[in-house]
Amino acid sequence: MNLFNHFRDRLIAIIGELAAEESIPSGLDTTRVTVEPPREESLGDITTNAAMILAKPAAMKPRDLAALLAGRLDGLDSVAATEIAGPGFINMRLENSFWRQRLAEILTAGPAYGDSGFGRGCKVNVEFVSTNPTGPLHVGHGRGAVVGDALASLLEKAGFDVTREYYVNDAGAQVEMLARSAAARAGEALGMVELDEEALQGLYPGEYLKPVGEKLASQFGAQRLNVDDAENLQFLVRFCIDEMLDLIRADLAVLGVEFDVFTSEKELVEAGAVDAALKFLAGRGLIYTGVLEPPKGKKTDDWEPRPQALFRATEFGDDVDRPLKKSDGSWTYFATDIAYHMDKFRRGFETMIDVWGADHGGYVKRMRAAVEAVTEGAGELDVKLCQMVKLTEGGQPVKMSKRAGAFVTLSEVIERVGRDVVRFIMLTRKNDAHLDFDLAKVTEQSRENPVFYVQYAHARSCSVLRHAAEVFLPGELSPSALARAELDRLTDPAELALIKVMASWPSLVESAALAHEPHRVAFYLNDLAARFHMLWNKGNENADMRFLIPGKRALSAARLALVRGTAIVIASGLKVMGVIPVQEMK
RNA sequence: GCGCCCGUAGCUCAGUAGGAUAGAGCACCAGAUUCCUAAUCUGGGGGUCGCAGGUUCGAAUCCUGCCGGGCGCGCCA
């Protein structure tokens, strides 16, 4: 249950009743009315701005309207007290029994706690990673992979029907370069050439292509080395793309990311999708032949004005109209991407989310323009840009990998610190903020390391339950049994404060899903862990506050419900992040 | 030159569809260990939310203009 929406619904009903009684005008616009936590805990549990929002249209003073509303809110079940504060806030404190019910709800729901019907089953397509299949994934790709996957999980939890999609850019000149590189490696494997630095000029130098070359050599000998033969080159391209996709899929598997759909750019083009999309746009007068101005303030030595097919992106908010064809007559990346997004829309996705690297930021406007044009306003594209990951160790930049060519691979980092650490750290910043990833710090066991801090809270709660098993029967410790514990024995403010944080998980899921911001889950879990550690330490100072009190079974059972609930909510949050909760710290 | 992102405590960053006296961690200072893991916790000092206007009951948040940093600007994707 999203408790804020729950009380907002009650509030809106009260506003309707007052209107029916003609105490206030009818038909007031309540869309901006919110129910949320107050700035400070001491002000109460929930607050509403309704009186301030509605005062003007109701022609009343905010505090007078607040008094009227507060009188009715006071009569609601679970509302213990109301108070009018500041310019017209109505603060409410809820009955402790309400919070204890939330704990029972958590125990009953288990890891599904926080699942929501918010998305109403709407189809959402999350496209991420989508790198050229020319080599292994590096750390930057890893960030996009984690952000995309966690965002997808978050949306699923919020009730959307999500498809995880990878767009394989297998149609450009880069895959031909890949094929040439692999052919050279095959020649090397056969002892026909020696690949020094000079010979590798213009080719992908990474050593990951050696096994591909060896495979080519062992399967075909020297038969498939001619890259000047167009037909053979296409064979090599296909061969290499398959190899690279295997490599990429393996990297993704190690990270725990699985896609529902791989869409091939090449196949899309061959199926005529680009022609169809451009025909669609041309039919609406959105394509014309024109000459672009050279960009100002940028070196323009090789600029030659030439007429070309342009999309009227400016009609949809972009800065200039965008080219659709290269000088060699082939489609630009943009043209095929228009077709691709049109294809996604045709497959039923009105909401599309693309996760890109920040270096593609200049591309967002034109793509959004294209989506608007090609879906005639019915489709929506949100682009999440992921900033760079700065990999350090003890503050020093990490050396580049020789094996991979010019970058540190994702798999190397995962091998070093573990999958769960990588996934968690990637979500400790907003996607559009730079991320410092320190290989030493992320495995430290300290408060500074959020992965450890959150995992430790989970492990601690598991530890308590293990100890409890010495006194209680297994059946007494199951979530459903603990839900029936005498929860009214939970009376300490710190205990109730912990429940309140847990109870805000459903609303966090919805707001984070709405904002497309999975990093909020990481911050939430950090807060929840802090509350738990805080309560734990109360037991250090005062033995009566420990979870397990010898001889007091009912009290202990109630507190174990709290402990189990914490573990459940942490596990529920980590699941969204794709991180496995640990039972104990080593 | 133009566009996008960012600018919040000494440092690294949150800030939930415009809400109340702007938060957390680190660092600094002062404390807690007969304990279910002190790998943690408690308290304290620390801010012109880059600058200047505007919108309104109310702005870190929205609008405009500057300053500073990052990314990008046909024939790469």
Side-chain angles (χ1 to χ4, degrees), chain A residues 4 31-32 34 36-40 43 47 49 52-53 55-56 61-62 85-89 91 130-132 134 169 171-174 265 291-298 302-306 308 310 318-320 322-323 325-330 332-334 336-337 356-365 385 387-388 428-430 432-434 436 444-450 452-453 456-457 459-461 463-468 504 507-508 510-512 514-515 517 519-520 523-524 526-527 530 533-541 543 546-549 556 559 563 584-585:
Chain A
F4 301 106
T31 51
R32 290 177 57 226
T34 59
E36 55 193 354
R39 176 63 77 193
E40 277 181 57
L43 295 170
T47 188
N49 63 355
M52 293 177 291
I53 296 294
K56 192 177 262 187
K61 289 180 185 169
F89 290 101
N91 297 326
S130 296
T131 170
N132 291 315
T134 56
N169 296 130
Q174 299 191 6
E265 179 186 0
V291 181
L292 285 178
E293 294 286 314
K296 288 170 185 165
K298 203 198 165 209
D302 58 343
W303 181 276
E304 287 172 24
R306 88 188 157 78
Q308 58 188 335
L310 298 173
D318 200 357
D319 310 302
V320 289
R322 302 295 181 175
K325 269 195 178 180
K326 302 179 196 172
S327 53
D328 67 0
S330 64
T332 59
Y333 180 76
F334 180 49
T336 54
D337 227 2
W356 296 349
D359 54 340
H360 291 59
Y363 205 77
V364 174
K365 271 193 184 182
L385 297 177
Q387 267 294 354
M388 274 175 37
T428 54
R429 289 286 177 273
K430 252 185 316 205
D432 53 11
H434 286 271
D436 290 325
E444 260 172 32
Q445 301 199 328
S446 77
R447 176 74 177 91
E448 286 176 75
N449 178 5
F452 163 76
Y453 190 69
Y456 184 37
R460 262 189 162 169
S461 53
S463 168
V464 176
L465 291 163
R466 281 193 297 271
H467 280 271
S504 68
S507 65
L508 186 120
E510 290 182 3
S511 56
L514 180 66
E517 292 188 349
H519 74 278
R520 291 189 195 182
F523 284 91
Y524 168 79
N526 205 60
D527 288 347
H533 289 308
M534 200 186 294
L535 187 57
W536 175 285
N537 271 77
K538 287 212 161 201
N540 279 337
E541 287 152 26
R546 289 186 194 156
F547 299 119
L548 291 168
I549 309 290
S556 297
R559 289 184 175 169
V563 172
E584 58 185 323
M585 307 303 294

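Only a predicted model underlies this, so the values are computations on that prediction, with no experimental measurement involved. Convention: sequence-line order gives letters A, B, ...; per-chain numbering from 1.
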*Could you provide the dot-bracket string of RNA chain B, using ( ) for intrastrand pairs, [ ] for crossing pairs and | for bases paired to another strand, with Watson-Crick or G-U pairs below 3.5 Å?*
(((((((..((((.....[...)))).(((((.......))))).....(((((..]....))))))))))))....
Could you check which of [options] has an atom nearest any side-chain atom of [X]?
{"X": "A:R447", "options": "B:rA14, B:rG18, B:rA24", "value": "B:rA24"}
{"X": "A:F523", "options": "B:rA14, B:rA20, B:rA77", "value": "B:rA14"}
{"X": "A:E448", "options": "B:rC57, B:rG19, B:rC26", "value": "B:rC26"}
{"X": "A:R32", "options": "B:rA77, B:rG18, B:rU40", "value": "B:rG18"}

How is [X] classified with respect to the nucleic acid when contacts are heavy atoms under 4.0 Å: base, sugar-phosphate, or nothing?
{"X": "A:L548", "value": "base"}
{"X": "A:N49", "value": "base"}
{"X": "A:E444", "value": "nothing"}
{"X": "A:A468", "value": "nothing"}
{"X": "A:A358", "value": "sugar-phosphate"}
{"X": "A:K538", "value": "nothing"}
{"X": "A:T47", "value": "base"}
{"X": "A:F89", "value": "base"}
{"X": "A:P323", "value": "sugar-phosphate"}

Could you give the distance separating [M] and [N] at their [atom1] atoms, to the nearest angstrom?
{"N": "B:rA22", "M": "B:rA9", "atom1": "C1'", "value": "11 Å"}
{"N": "B:rA60", "M": "B:rG23", "atom1": "C1'", "value": "12 Å"}
{"N": "B:rU64", "M": "B:rC4", "atom1": "P", "value": "9 Å"}
{"N": "B:rA52", "M": "B:rU8", "atom1": "P", "value": "16 Å"}

*With a 3.5 Å cut-off and no angle check, do the side chains of A:H533 and A:R460 form a donor-acceptor pair?*
yes
_Pairing of A:E517 and A:R520 as salt bridge, 4.0 angstrom limit_ = yes
*Nearest 0.5 Å, what's the OG1-CG distance between A:T131 and A:N169?*
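Rounded to the nearest 0.5 Å, the OG1-CG separation comes out at 7.5 Å.
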